[in-house]
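What follows is one structure encoded as structure tokens, with my remarks underneath.
We name chains A, B, ... by the order of the sequence lines, and we start the count at 1 in each one.
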Amino acid sequence: MKKKIFDSIKNELKREFVLEKPKELSFGHYATPVAFSLAKEFRKSPIKIAEELAENFEKNSMFEEVNALKGYLNFKLSDAFLDEYTTWALAHEDEYSKDDNSESILLEFVSANPTGPLHIGHARGAVIGDTLCRLGRHLGYKVDSEYYVNDAGNQIYLLGLSIFLAGQEHILKQKVDWPDEYYRGEYIVDLAKRASADFNEDIFKDKKNIEILSDWGKDMMLQLIGENLKDVGIEFDNFVSEKSLYGKWNESFEKLQKNDKTYEKDGKIWIRSSDFGDEKDRVVVRDDGRATYLAGDIIYHDNKYQRDYDKYINIWGADHHGYIARVKAAINFLGYDEKRLEVILAQMVSLLKGGEPYKMSKRSGNFILMSDVVDEIGKDALRFIFLSKKADTHLEFDVDSLKKQDSTNPIFYINYAHARVNQIFEKSGKKLDDIKDIKLDNLSQSAKNLLFSALLLPEVVEDTFTSRQVQRLSDYLVSLASNLHKFYNENRVVGSENEDKYLKIFAMVALSIKTGLKLMGIEAKNKM
RNA sequence: GUCCCGGUAGCUCAGCAGGAUAGAGCACUUGAUUCCUAAUCAAGAGGUCAUGAGUUCGAAUCUCGUCCGGGACACCA
């Protein structure tokens, strides 16, 4: 809708301008401050310029009114235009708010170590990533979602060791000297029990079996993580194993070497990341020949760029921010355009329960499981809370307050609006087909405002995705629901002379809510 | 010490490619059910937009400094 309007105005003004929302809807549906920027050029007051522009603006059927106010040029859309668009949308539910972008995007997110279940911090990146994926696809982008599995390195050994020791303690009933670093938490004991059943308890007798337990434990954890994700409606297109890429190290290394971006010192191989914005050079191969984590990421990004997407988006935890510079440096050194990689950092999540702060630490086993929170407040509320705040602010919320299934829970409020529309249709005994071709004319101001707010979904979706600001969609849905509730309270629908018109507007509101929620991974409810 | 994110109503947060009178939800006060679900709505109260300066027609928004909070600064992943 906005695009059409933009083009139409541009056609008339014949110059660049900014199209925005007026402060108040009563001014108009859209507005432009273009007169302010013209003031200098024409050496006239913006107020005068706006008046002249408004006067000379050639009307078409799209606009009911074009007026000037305090230097702004305001546009009011006509009933006929809104009606035409609504009729089309209701008849083409599947196409509504879609777009035809064609860029390909590789979206990597979660990528949590397969050494334990997902905790609440992972959930934020997971939900945001999944939603961007849904939004992108809706807008026509070719989005592939990917999970990078860190299945090599010390943490996998530690997982095996932890299971091994837990087996000695809980199955073999031996006294165990726990090292400084190991994975705590009940799930390790559960894994030991499971291992004792899958293999047998002898596996805990020989240290040589730690490696077997590492590999087995990693697979079990991946499976568990997959279930955790599925429980909040997330499925990945690809899982890429760090270990499986190690064979390609020589290939990536040769590229770096050819560009003279590595060197040897103290028996180690370093990458010249300080040449490209990093604080200092980094070790990629240790003196004992083992690759570092960064080496793994270099191979992985080489692999990503070989697959040739137009854009790469990584969603990382905020604790990875120092890592961006070195990965971008490596990408550049490999001969690729590092600007095609965009990193979104998801800030910390602090969880409260009854006002008491929780502290999370994966190592200690003292973290809050995502699945526990899902059990408490449900997947929809969890998704909504993460989607209602922008990614780069620290988020604090109290589990207890989200447990409530009442008006303090915004997802409830939105669903109620959707259910309300459904309810009214039932009461009226009419179906969508009965009213979708009704002509919307002579609408009251409030009816027109409601319809207009419902029709904003496409531009909100577009804006939400391109800005990667997921909270814009949820904010919009709350305000749309609010508009519906308000209208409902002020106007009788069933049995009124405007029944059919109002039903059509309500159907449009419901369609926008349903579509918006779906993009957030939430199913709209028809009954509360 | 360096880097990243933040500081807006009592609380949780929007707004920030400069623009019209700074918003929402929660909490608080008051009111609205003979009538489509009151799981809702309306009204009220609540602000030196951390702070100082700069940029200009115009700053919560951009620039610089200061203060406060959180995080990161591995040959761990």
Side-chain angles (χ1 to χ4, degrees), chain A residues 18 20 22-24 27 31-33 35-37 39-40 45-46 69-72 74 111-113 115 150-156 158 181 242 266-270 277-280 282-288 290-297 317-325 345-348 350 352 362-363 385 388-398 401 404-410 412-413 415-417 419-421 423-428 467 469 471-472 474-476 478-479 481-482 484-496 499 502-503 506 527-528:
Chain A
V18 178
E20 57 187 34
K23 200 95 189 164
E24 275 180 45
F27 296 159
T32 175
F36 290 92
S37 46
K40 239 181 206 162
S45 91
L69 186 69
K70 291 186 190 167
Y72 285 84
N74 295 319
S111 298
N113 287 339
T115 53
N150 297 123
D151 54 359
N154 194 43
Q155 84 281 2
I156 296 294
L158 279 180
E181 248 192 309
E242 177 184 4
D266 306 332
K268 302 153 196 172
I269 298 175
W270 300 69
D278 199 3
E279 297 166 20
K280 54 182 179 185
R282 308 286 172 178
V283 172
V284 285
V285 181
R286 301 181 184 91
D287 47 13
D288 61 5
R290 282 157 51 230
T292 63
Y293 179 74
L294 178 58
D297 245 337
D319 55 341
H320 278 64
H321 96 263
Y323 208 72
I324 298 173
L345 293 180
Q347 285 290 338
M348 294 260 306
S350 322
L352 301 175
K362 185 158 189 181
R363 286 274 145 89
I385 183 83
S388 60
K389 315 287 176 194
K390 60 182 175 189
D392 51 14
T393 47
H394 301 234
L395 168 60
E396 185 177 274
F397 72 94
D398 198 310
S401 76
K404 292 186 228 157
Q405 295 288 294
D406 61 22
S407 63
T408 62
N409 198 341
F412 218 79
Y413 182 81
N415 263 322
Y416 183 41
R420 194 159 238 182
V421 172
Q423 186 70 24
I424 289 183
F425 264 89
E426 267 180 31
K427 265 284 190 295
S428 73
S467 66
Q469 302 285 311
Q471 80 283 357
R472 293 189 185 169
S474 54
D475 282 357
Y476 163 74
V478 171
S479 86
S482 167
L484 181 103
H485 290 311
K486 184 185 161 95
F487 188 86
Y488 172 91
N489 267 274
E490 287 170 357
N491 301 275
R492 173 106 195 146
V493 177
V494 178
S496 80
E499 178 173 319
Y502 288 172
L503 283 174
F506 274 35
K527 258 208 168 92
M528 303 299 286

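Here the separation of B:C5 from B:C28, taken at their P atoms, is 37 Å to the nearest Å. Look at the C1' atom in both B:A22 and B:G65: the space between them is 26 Å, to the nearest Å. Between B:C16 and B:G58, the two C1' atoms lie 15 Å apart (nearest whole Å). If you take atom C1' in B:G7 and the same atom in B:A50, they sit 6 Å apart, rounded to whole Å. For the C1' atoms, the distance from B:U48 to B:U12 is 22 Å, rounded to whole Å. Rounded to whole Å, the P atom of B:C3 lies 15 Å from the corresponding atom of B:U63. When the C1' atom is used for both B:U55 and B:C62, the distance is 8 Å, rounded to whole Å. On the C1' atoms, B:A20 is 15 Å away from B:G15, given to the nearest whole Å.
In this structure A:D151 satisfies the side chain to side chain donor-acceptor pair (under 3.5 Å) test together with A:S241, sequence neighbours excluded. With sequence neighbours excluded, the residues satisfying side chain to side chain donor-acceptor pair (under 3.5 Å) with A:S111 are A:E108. Annotation: side chain to side chain donor-acceptor pair (under 3.5 Å) contacts of A:D266 (sequence neighbours excluded): none. In this structure, the salt bridge (charged side-chain N to carboxylate O under 4.0 Å, His left out) partners of A:R472, at least two apart in sequence or on a different chain, are A:D463.
Between A:L352 and A:E396 there is a side-chain heavy-atom pair separated by less than 4.5 Å. Side-chain contact check for A:L484 versus A:V421: some heavy-atom pair is nearer than 4.5 Å. At least one side-chain heavy atom of A:P33 sits less than 4.5 Å from a side-chain heavy atom of A:E20.
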Between the protein and nucleotides 11-17 of chain B, list every N/O to N/O distance that falls short of 3.5 Å.
| from | atom 1 | to | atom 2 | distance (Å) |
| --- | --- | --- | --- | --- |
| B:C13 | OP1 | A:H394 | O | 3.1 |
| B:C13 | OP1 | A:E396 | N | 3.1 |
| B:A14 | OP1 | A:K390 | N | 3.4 |
| B:A14 | OP1 | A:T393 | OG1 | 3.2 |
| B:A14 | O2' | A:D475 | OD2 | 2.6 |
| B:G15 | OP1 | A:Q471 | NE2 | 2.9 |
| B:C16 | N4 | A:K390 | NZ | 2.8 |

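Along RNA chain B, the nucleotide nearest to A:G495 and the one nearest to A:D151 differ in position, and the one closer to the 5' end is contacted by A:G495.
Residue contacts for A:R290: at a heavy-atom cut-off of 4.0 Å it reaches no nucleic acid atom on any strand shown. Looking at heavy-atom distances under 4.0 Å, A:E279 makes contact with sugar-phosphate atoms alone, never a base. At the heavy-atom level, A:A152 lies under 4.0 Å from the strands shown only through sugar-phosphate atoms. As judged by a 4.0 angstrom heavy-atom cut-off over every strand, A:P22 is placed among the base-contacting residues. Residue A:N74 is classed as a base contact, given a heavy-atom separation below 4.0 Å to a base. Using a 4.0 Å heavy-atom distance criterion, A:N491 is classed as a base contact.
No donor-acceptor contact under 3.5 Å links the side chain of A:H321 to the base of B:C5.
Within the 4.0 Å cut-off from OP1 or OP2 of B:C41, at least one side-chain nitrogen or oxygen of A:Y413 is found.
Side chain of A:S388 to main chain of A:Q471: no donor-acceptor pair is present (N/O by atom type, distance under 3.5 Å, no hydrogens or angles). For the pair A:Q155 (side chain) and A:N150 (backbone), a donor-acceptor distance under 3.5 Å is present.
With respect to A:R290, the side chain to side chain donor-acceptor pair (under 3.5 Å) criterion is satisfied by exactly one of A:D288, A:D287, A:T292: A:D288.
Of the candidates B:C41, B:C36, B:C4, B:C4 carries the atom nearest the A:L345 side chain, counting heavy atoms from C-beta on. Of the candidate nucleotides B:C36, B:C41, B:A38, B:C41 has the atom nearest to the side chain of A:K486. Out of B:C36, B:A77, B:A39, the shortest distance to the side chain of A:N113 is found at B:A77.
Base-pairing analysis of RNA chain B finds the following stems of at least three consecutive Watson-Crick or G-U pairs, with both pairing distances under 3.5 Å: B:1-7 with B:67-73, B:10-13 with B:23-26, B:28-32 with B:40-44, B:50-54 with B:62-66.
In summary, the aromatic rings of A:Y488 and A:Y416 are positioned with their centroids too far apart to meet the 6.0 Å limit.
Within 90° of 0 lies the glycosidic angle of B:U33, which makes this nucleotide syn.
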